[in-house]
Engineer: 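The structure follows.
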Amino acid sequence: LENLGQLPGVQSVAMTSELPLAGENWVDTIFRPDHPVAKGQEPAANMRWVSPSYLDTLKIPLVEGRNLQASDREHPTNALISQQTARTIWSGEDPVGKVFTTGGDDKYTVVGVVADARINDLKKTANMVYLPYWENPWWRVYFFIRGSQPTSSMVDSVRREIWKIDP
């Protein structure tokens with residue numbers, strides 16, 4: 001990310017575990033330790049592992065709280081949620097600072113709420129949870145590059161930077 005961000009014409013760069021509009025790829029059930037619901041009635045959310053620059057690069061507004069940041073490496077279970085997730089899981093409550101699990105041992109803390117975006121589908125939004133990519137490093141990664149130059153003029157230099165790490 002750092003090397004890609006230093007290329008000429010690059011305004012911002014981010015990474016994610018899944019491409020937008022790829023559908024629902026990783027959906028987990030969300031459990032609130034402070035508010036149990038009947039088995040089978042638990043809400044679910046689409047999980048994405050992202051870099052802290054994801055919101056800025058994709059122009060998704062932060063609505064409440066704060067964005068993920070480099071210092072969250074010390075707190076890898078900090079999470080962002082979409083407004084739809086906030087309405088679904090914490091209806092009428094402020095979700096920032098609240099804790100949830102996905103059925104495992106990790107307890108995630110909501111540090112920010114982001115605007116709903118059509119991440120999976122152009123026709124509708126979905127419950128989304130955004131976790132820092134270092135919390136669960138993926139076997140694949142997708143980069144987003146926002147630049148001031150045409151894509152065709154940046155492709156070779158982007159490819160070279162990636163190949164320096166993984167030819």
Side-chain angles (χ1 to χ4, degrees), residues 1-7 10-33 42-90 95-122 124-147 158-159 161-166:
L1 284 173
E2 185 177 323
N3 291 351
L4 290 173
Q6 293 176 12
L7 292 174
V10 172
Q11 296 168 327
S12 63
V13 61
M15 62 184 277
T16 182
S17 57
E18 294 294 336
L19 285 173
L21 306 179
E24 295 189 338
N25 296 305
W26 187 308
V27 179
D28 266 333
T29 303
I30 305 297
F31 301 92
R32 282 182 53 185
E42 303 94 347
N46 292 266
M47 311 299 282
R48 295 291 185 273
W49 285 264
V50 300
S51 63
S53 53
Y54 181 84
L55 296 182
D56 291 338
T57 302
L58 272 67
K59 302 290 185 192
I60 301 173
L62 180 68
V63 176
E64 183 180 355
R66 67 169 179 81
N67 195 356
L68 296 173
Q69 48 197 354
S71 62
D72 286 329
R73 283 186 181 275
E74 302 298 317
H75 306 282
T77 54
N78 283 349
L80 301 173
I81 62 172
S82 64
Q83 288 176 295
Q84 182 171 325
T85 304
R87 287 188 304 272
T88 300
I89 300 172
W90 287 279
V96 175
K98 298 282 177 37
V99 174
F100 69 94
T101 71
T102 58
D105 294 332
D106 289 331
K107 291 185 177 168
Y108 299 99
T109 301
V110 177
V111 297
V113 178
V114 305
D116 290 332
R118 292 184 174 99
I119 298 296
N120 296 337
D121 184 322
L122 283 177
K124 61 184 178 184
T125 59
N127 288 340
M128 299 298 298
V129 172
Y130 303 97
L131 301 170
Y133 71 88
W134 52 80
E135 192 270 335
N136 183 17
W138 276 70
W139 60 93
R140 67 175 178 241
V141 64
Y142 299 98
F143 292 99
F144 298 106
I145 297 173
R146 183 173 292 281
V158 168
R159 186 175 290 128
E161 286 303 319
I162 293 171
W163 285 352
K164 284 180 186 177
I165 293 171
D166 187 358

Engineer: For the atom pair CG (L4) and CD1 (I165), what is the distance rounded to the nearest 0.5 Å?
Structural biologist: 7.5 Å
Engineer: Assess the residue pair H75 and T109 against the criterion (side-chain contact (heavy atoms from CB on, under 4.5 Å)); give the C-alpha distance rounded to whole Å, side-chain angles, the decisive distance to 0.1 Å, and a yes or no.
Structural biologist: CA-CA 9 Å; H75 306 282; T109 301; over 6 Å; no
Engineer: Check for a donor-acceptor pair, side chain of S82 on one end and backbone N or O of D116 on the other, with a separation under 3.5 Å.
Structural biologist: no
Engineer: Given 3.5 Å as the limit, does a donor-acceptor pair link the side chain of N67 with the main chain of P52, or not?
Structural biologist: yes
Engineer: What is the minimum heavy-atom distance between P76 and P132, and which atoms define it?
Structural biologist: O-CG, 3.5 Å
Engineer: Would you say the side-chain atoms of T85 pair up with the backbone N or O of M128, donor to acceptor, closer than 3.5 Å?
Structural biologist: yes
Engineer: Are D56 and S12 close enough that a side-chain donor and a side-chain acceptor fall under 3.5 Å?
Structural biologist: no
Engineer: Is there a side-chain contact between I89 and F100 (heavy atoms, below 4.5 Å)?
Structural biologist: no
Engineer: How close do A79 and L131 get, heavy atom to heavy atom, and via which atoms?
Structural biologist: CB-CD2, 3.4 Å
Engineer: How long is the span from the OG atom in S51 to the OH atom in Y130, to the nearest 0.5 Å?
Structural biologist: 12.5 Å
Engineer: Any idea which heavy atoms bring L1 and A14 closest together, and the distance?
Structural biologist: CD2-C, 3.7 Å
Engineer: Is the shortest side-chain heavy-atom distance between P95 and E64 below 4.5 Å?
Structural biologist: yes
Engineer: Out of I30, V27, D28, V110, which one pairs with V129 under the side chain to side chain contact (heavy atoms under 4.5 Å, CB included) rule?
Structural biologist: I30
Engineer: What's the separation between atom CG in D72 and atom CH2 in W134, rounded to the nearest 0.5 Å?
Structural biologist: 6.0 Å
Engineer: Does Q84 form a side chain to side chain donor-acceptor pair (under 3.5 Å) with T125? I'd like the steps, not just the answer.
Structural biologist: CA-CA 8 Å; Q84 182 171 325; T125 59; 2.4 Å; yes
Engineer: Would you compute the distance between atom NZ of K124 and atom CG of L122 and round it to the nearest 0.5 angstrom?
Structural biologist: 12.0 Å
Engineer: Search all heavy atoms of Y54 against all heavy atoms of M15 and return the closest pair with its distance.
Structural biologist: CD1-O, 3.9 Å
Engineer: Minimum heavy-atom separation for L62 and G112, please, with both atom names.
Structural biologist: CD1-CA, 4.3 Å
Engineer: Nearest 0.5 Å, what's the CD1-CH2 distance between I81 and W90?
Structural biologist: 5.0 Å
Engineer: Tell me the closest heavy-atom pair linking N127 and T88, and the distance in Å.
Structural biologist: OD1-OG1, 3.2 Å
Engineer: Show your working on side-chain contact (heavy atoms from CB on, under 4.5 Å) between F144 and L58 and close with a plain yes or no.
Structural biologist: CA-CA 8 Å; F144 298 106; L58 272 67; 3.6 Å; yes
Engineer: Quickly, which of V113, L55, I60 forms a side chain to side chain contact (heavy atoms under 4.5 Å, CB included) with L80? Name it, please.
Structural biologist: L55
Engineer: Rounded to the nearest 0.5 Å, what separation is found between the CD1 atom of I145 and the CG atom of L7?
Structural biologist: 7.0 Å
